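Please read the structure below before turning to the comments.
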Protein chains: 2
Amino acid sequence: MSLATRSKRTESRPALSRDRVLRAAIEIADEGGIAAVTMRRLAESLDAEAMSLYHHVANKEQVLDGVVDVIAAEINEAVGRLTLPARGAAWRSAARERILTARRVLLRHRWAAALFESRSATSPEVLLYFDGLVGIMRDGGFSNDLAHHAMHALGSRAIGFSQELFTPGAGPAAGEPDPVLAGMAGRLPHLVGMLAEVMHDDPDSTIGWCDDQAEFEFGLDLLLDGLDRRR
Amino acid sequence: MSLATRSKRTESRPALSRDRVLRAAIEIADEGGIAAVTMRRLAESLDAEAMSLYHHVANKEQVLDGVVDVIAAEINEAVGRLTLPARGAAWRSAARERILTARRVLLRHRWAAALFESRSATSPEVLLYFDGLVGIMRDGGFSNDLAHHAMHALGSRAIGFSQELFTPGAGPAAGEPDPVLAGMAGRLPHLVGMLAEVMHDDPDSTIGWCDDQAEFEFGLDLLLDGLDRRR
DNA sequence: ACCTGAACACCGTTCAAGT
DNA sequence: ACCTGAACACCGTTCAAGT
């Protein structure tokens, strides 16, 4: 039994490492959401005991911080392949492409946006991403002051997602009318009138509780236009 | 003993109710953050047992959904006192004032913004808030289609907060330079150059991980200006 | 150095029992 | 109808012990 366990560990399982722990966490989150990532399940997926993880990460908080960093590194790898001019007026399309590329990565890990927001620790890879975006703005002629305002104005949009508090048409079964909204339709004349007129035709292309691609781009362009005007 | 417990309950404690549970949850969150809200602590603060709560709320999820609704009701009470014209060009200042009023309520409950985002259930009070904002836009001459785009573009900014992924100058001790950023300054030329130039003078007026008041208003005005131009 | 089992202090929630 | 104690199935984490 002890022999079987030992042979299993040494033969069929690579040694544990911080990196392997983080990648296993991402795999679990991709399958069952971020709440499915527990130390015990994480260990199980690595064919180890929960307590073994603590030799490679300080605690669960550090696992989640590390996951953010790995996803941000994936974003940096993707935007690193972009080769767009950013001098002068070209800054706008360079920034736009960078942001939409980041968004494409986040769409592969739908739980990631919520995690990015909930973490307060500074991720080195997120810093590198932002540094590149500031660089594009500086190339475009932004003052440091305007670039700073711009980063705040973009907020989470700078890295490809945006927060929605209410996603019209995203009821229990997406695409269905929201039952709460339907139940109080009489007290919501403007909202009901608006939604009745604008038919949502692709309610599936959402990133978590965030807006869909077309709406994301509308908001992004609104901000980029305003910034370009102040440049 | 059983008698003492009984007299304590009937004399010094009002009967439990959904409303009292939710208000107790808000009190606990105001003091110790949203993570401090557990069913056991909630019950204790109400001088009851954890299991008694389940006669008034289905589960903890419903407690958190209810808390969002109570905070949104507080926002609606505040914006309900506003009496601003919204016809034509006045829509902009009416919308601006409504949003900044909502923000003032959220600043009283610093944990609330994060909670608003993490919940997917539709809050009736949030719907009422949005309905009023759409009404202001319609008064201002927005088509339903543009009002719809506008709500998505504003995102969480519509209700007074915005998501930051990295708050410059908000290290462990707020106001201190970020140690992670300091450690990799050489690889972040644009970010470090920018932050060196723009001195942050009031790092305290933040709403959780969100930007401070001046930055919030800059981003809001950028969006409102862009929407006004498309009106 | 790396890994583990048992144990601790918490969670949310079910259930059967009290008044 | 409302409340409760004991219990269950989970958590993250500490500790002492193994190799």
Side-chain angles (χ1 to χ4, degrees), chain A residues 1-22 24-25 28-29 31-68 111 115 118-121, chain B residues 1-22 24-25 28-29 31-68 111 115 118-121:
Chain A
M1 172 60 167
S2 148
L3 193 105
T5 308
R6 191 175 207 284
S7 84
K8 191 179 187 184
R9 171 151 47 82
T10 48
E11 281 171 24
S12 71
R13 196 197 75 190
L16 289 177
S17 71
R18 186 185 135 88
D19 195 65
R20 270 178 46 75
V21 170
L22 299 184
I28 292 170
E31 273 168 37
I34 197 68
V37 179
T38 71
M39 297 302 272
R40 281 174 164 88
R41 264 196 282 246
L42 197 43
E44 193 186 12
S45 86
L46 289 163
D47 204 9
E49 299 300 314
M51 314 315 137
S52 306
L53 304 179
Y54 288 85
H55 287 274
H56 303 96
V57 291
N59 50 39
K60 190 183 175 182
E61 292 296 289
Q62 195 177 298
V63 172
L64 296 179
D65 288 339
V67 164
V68 165
W111 45 271
L115 185 65
S118 68
R119 303 274 88 198
S120 61
Chain B
M1 176 57 168
S2 149
L3 193 104
T5 309
R6 189 177 209 283
S7 83
K8 193 180 186 184
R9 171 153 46 83
T10 47
E11 282 171 25
S12 71
R13 198 198 74 192
L16 289 177
S17 71
R18 187 185 135 88
D19 194 65
R20 269 176 50 73
V21 170
L22 300 183
I28 292 170
E31 273 168 36
I34 197 67
V37 179
T38 71
M39 296 303 270
R40 282 172 164 88
R41 264 196 282 246
L42 198 44
E44 192 186 12
S45 85
L46 288 164
D47 203 9
E49 299 300 315
M51 314 316 139
S52 306
L53 304 179
Y54 288 84
H55 286 274
H56 303 95
V57 291
N59 49 40
K60 190 183 176 181
E61 293 296 289
Q62 195 178 297
V63 172
L64 297 179
D65 287 339
V67 163
V68 165
W111 44 270
L115 185 65
S118 67
R119 303 274 90 198
S120 62

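Bear in mind that the values here come from a model prediction, so they are computed numbers and not experimental data.
The main-chain N or O of Val21(B) is never found under 3.5 Å from a side-chain atom of His56(B) such that the two would form a donor-acceptor pair.
Within the 4.5 Å cutoff, no side-chain heavy atoms of Ile28(A) are placed close to those of Trp111(A).
Checking the phosphate oxygens (OP1, OP2) of dT14(C), no side-chain nitrogen or oxygen of Tyr54(B) falls inside 4.0 Å. Between Ser52(A) and the phosphate of dT4(C), there is a side-chain N or O to OP1/OP2 separation shorter than 4.0 Å.
Nearest approach of Val63(B) to Leu22(B), heavy atoms of both residues: O-CD2, 3.5 Å.
Here Asp19(B) pairs with Arg23(B) under the side-chain hydrogen bond (donor to acceptor under 3.5 Å, both in side chains) rule; sequence neighbours left out.
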Please set out all donor-acceptor pairs under 3.5 angstrom arising from side-chain atoms of residues 34-46 of chain B, sequence neighbours excluded.
from     : atom 1 : to       : atom 2 : distance (Å)
Thr38(B) : OG1    : Arg41(B) : N      : 3.1
Arg41(B) : NE     : Ala36(B) : O      : 2.9
Ser45(B) : OG     : Leu42(B) : O      : 3.0

### Summary
A correct dot-bracket answer for DNA chain C, with pairs being Watson-Crick or G-U at under 3.5 Å, [ ] for crossing pairs and | for inter-strand pairs, is ||.|||||...|||||.||
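One can place CG of Leu46(A) at 16 Å from P of dC2(C), the figure rounded to the nearest angstrom. Atom-to-atom, CD of Glu49(A) to P of dT4(C) comes out at 5 Å; the value is rounded to the nearest Å. Nucleotide dT4(C) holds its C1' atom 16 Å from the CD atom of Glu44(A), rounded to whole Å. As a whole-Å value, the separation of Met51(A) CE from dT19(D) C1' is 18 Å.
Interatomic distance, CZ of Arg18(B) versus CG of Leu53(B), reported as 12.5 Å (0.5 Å rounding).
For residues 49-68 of chain B, the set of pairs meeting the salt bridge (charged side-chain N to carboxylate O under 4.0 Å, His left out) definition, not counting sequence neighbours, comprises Glu61(B)-Arg119(B), Asp65(B)-Arg119(B).
Within residues 36-43 of chain A, the residues having any heavy atom closer than 4.0 Å to DNA chain C are, in order of number, Arg40(A). Of the residues in residues 55-65 of chain A, those lying under 4.0 Å from DNA chain C by heavy-atom distance are His55(A), His56(A).
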